[in-house]
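See below for the structure under consideration.
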Amino acid sequence: MQSAQRAQCNHALEYAIRLANERQKPLLAAFSVVSDFPEANLRHYTFMLEGLKETQAALAERGIKLVILNGPPKETIPPLAKKADLLVTDEGYLRIQRKWRKDVAAAIDCPMYEVTTNMIVPVEAASDKENFSAGTLRPRISRQLKKYLVPLKESRPVCSSLDLRFKSIDLSDIGKALKKLPIDRSVGPSPFYTGGSEEANRCLADFIRSKLDDYGTKKQQDPLQDCQSNLSPYLHFGQISPLYIALEVNEAQSPGKGAFLEQLIVRRELSFNFVYYNPAYDSYKSLPHWALRTLNLHARDKREQTYSLEQLENARTYDPYWNAAQKEMVLTGKLHNYMRMYWGKKIIEWTRSPKEAFRIALYLNNKYELDGRDPNGFAGIAWCFGKHDRPWAQRPVFGKIRYMNAAGLKRKFDVDAWVRKIEQLGHNLECERNQTR
DNA sequence: ATCGGCTCGCGCAA
DNA sequence: TGCGCGAAGCCGAT
């Protein structure tokens with residue numbers, strides 16, 4: 001288990017159970033905590049372990065033991081696979097996830113299967129190449145939706161789980177477990193979002209009940225309206241299945257259904273298409289030619305204002321809207337979708353070159369967002385630089401890249417009220433911190 | 001308040 | 001080869 005950290009609606013898990021049952025063999029589940037995952041810190045590990053603790057309990061109820069190990073998969077997994085008939089894993093799209101799987105496959109003697117469960121239409125089934133935009137991927141996905149929007153039957157292993165003595169990380173006290181791990185602690189846990197499938201299911205139910213109707217309306221672009229699903233951190237750690245979400249939303253009779261499924265399926269899977277087929281997905285080089293051409297042409301344009309990474313990270317710009325966005329991200333681990341775009345666009349405006357802007361935006365996104373380092377995050381940052389978008393009217397610095405400014409925020413919602421809300425939030429957290437001291 | 005212009009490449013139809 | 005079209009844009013004209 002790696003990218004689908006859940007007991008529910010997990011095709012890799014069900015496939016493993018089925019194969020074990022066919023062979024009348026016991027099943028063992030394993031997860032390897034890699035404590036030096038690039039750019040991950042205490043915030044992300046906390047969220048992840050909260051989820052794994054629940055998953056371990058949920059699996060135990062179904063008679064499956066989940067061992068939690070610490071170390072790179074190529075060292076932790078092969079010893080477990082020594083006497084195994086076969087090994088089943090979930091799928092990974094990022095460079096490091098693909099390397100983990102390759103390394104494990106090379107180090108074991110038994111067959112290994114990789115099962116898609118974090119997508120609805122598998123990345124290779126949707127397209128065999130990188131797609132230029134949603135416009136080209138959408139029909140490919142739509143054509144096959146019926147085939148893949150099928151509920152998954154859950155089963156139980158017939159043989160009792162192996163009771164081997166493995167040095168499993170004890171998750172009964174997550175704080176304690178985290179203290180023992182040699183992880184980056186530069187960013188603290190989110191005070192707002194708790195990890196785990198149960199919380200994910202609560203978010204989903206709440207979203208369908210009270211938010212879905214407004215999805216796709218202009219209310220969705222207003223961060224003051226609580227109109228988002230907030231599911232992206234849970235999707236990132238595989239604590240909830242996109243198929244399960246899609247099936248649940250599909251059941252609802254709501255005008256927002258189409259707009260939400262567009263996000264969940266087309267836009268999300270376009271991101272997976274991006275990281276899977278574009279080896280430079282985490283760099284400026286991943287941009288389309290027209291975007292690189294126009295950005296390079298304007299790379300030496302005079303900037304009205306430039307900021308260093310430190311100034312940006314500490315939310316010290318002249319723009320109170322941008323500062324509030326940065327603060328929301330740092331404080332909560334999640335920034336509203338619309339503000340993320342504004343946030344990214346402004347970094348282009350305020351840095352010495354688009355290459356530097358890309359590096360800074362990705363760095364901050366990966367460090368503070370709970371769903372950082374996700375295919376969606378890489379595609380989201382690249383979008384600010386023209387990826388999956390089209391050229392627009394030429395202007396300094398941006399060239400033909402889509403431009404955004406504060407007038408747009410004001411047009412769409414009461415941005416000053418939103419800034420006050422973020423300030424209040426920061427103040428409240430400060431008070432809480434002082435009280436616990 | 002609404003509308004066209006801005007501008008490029010993809011993919012389908014002819 | 002032609003043509004329609006595309007994540008949330010802005011901006012100036014009407």
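Computed from a predicted structure; not experimentally measured. Residue numbers begin at 1 in each chain, while the letters A, B, ... track the order of the sequences.
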Rounded [atom1] spacing from [N] to [M] in Å:
| N | M | atom1 | result |
| --- | --- | --- | --- |
| C:dG4 | B:dG4 | P | 15 Å |
| C:dC5 | B:dA14 | P | 14 Å |
| C:dA7 | B:dC12 | P | 16 Å |

Given [options], the nucleotide with the shortest approach to the side chain of [X]:
| X | options | result |
| --- | --- | --- |
| A:Q263 | C:dA7, B:dG9, C:dC10 | C:dA7 |
| A:R293 | B:dC8, B:dG11, C:dA7 | B:dC8 |
| A:Y403 | C:dC10, B:dG11, B:dT7 | C:dC10 |
| A:A134 | C:dA7, C:dC10, B:dT7 | C:dA7 |
| A:F132 | B:dC6, C:dC11, B:dG9 | B:dG9 |
| A:W290 | B:dC6, B:dT7, B:dG9 | B:dG9 |
| A:N405 | B:dG9, C:dC11, B:dT7 | C:dC11 |

Presence of salt bridge, A:K345 and A:D389, under 4.0 angstrom: no
Could you tell me how far apart [X] ([atom1]) and [N] ([atom2]) are, to the nearest whole angstrom?
| X | N | atom1 | atom2 | result |
| --- | --- | --- | --- | --- |
| A:K400 | B:dG9 | NZ | P | 9 Å |
| A:N376 | C:dA7 | CG | P | 15 Å |
| A:Q228 | C:dA7 | CD | P | 19 Å |
| A:Q394 | C:dC11 | CD | C1' | 15 Å |
| A:I401 | B:dG9 | CD1 | P | 12 Å |
| A:N131 | B:dC10 | CG | C1' | 10 Å |
| A:M341 | C:dA7 | CE | C1' | 7 Å |
| A:H336 | C:dA7 | NE2 | C1' | 14 Å |

Give [X] one of three labels, base, sugar-phosphate or nothing, depending on what nucleic acid heavy atoms sit under 4.0 Å from its own.
| X | answer |
| --- | --- |
| A:R395 | sugar-phosphate |
| A:E262 | nothing |
| A:R140 | nothing |
| A:R340 | nothing |
| A:W392 | base |
| A:K129 | sugar-phosphate |

Do [Y] and [X] have ring centroids that are under 6.0 Å from one another?
| X | Y | value |
| --- | --- | --- |
| A:F37 | A:W100 | yes |
| A:Y276 | A:Y281 | no |
| A:Y193 | A:F47 | no |

Flag, side chain of A:R6 to backbone of A:C9, donor-acceptor distance under 3.5 Å: yes
Short side-chain N/O contact from A:R267 to OP1 or OP2 of C:dA7, under 4.0 Å: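 For C:dA7, OP1 or OP2 has a side-chain N or O of A:R267 closer than 4.0 Å.
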OP1 or OP2 of C:dC5 under 4.0 Å from side-chain N/O of A:R138: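 No.
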Mate of B:dC6 where both pairing distances stay under 3.5 Å, Watson-Crick or G-U: C:dG9
Distance-only polar pair, side chains of A:Y318 and A:N323, donor-acceptor under 3.5 Å: no
More than 12 heavy atoms from other groups under 6.0 Å of CZ on A:R316: no
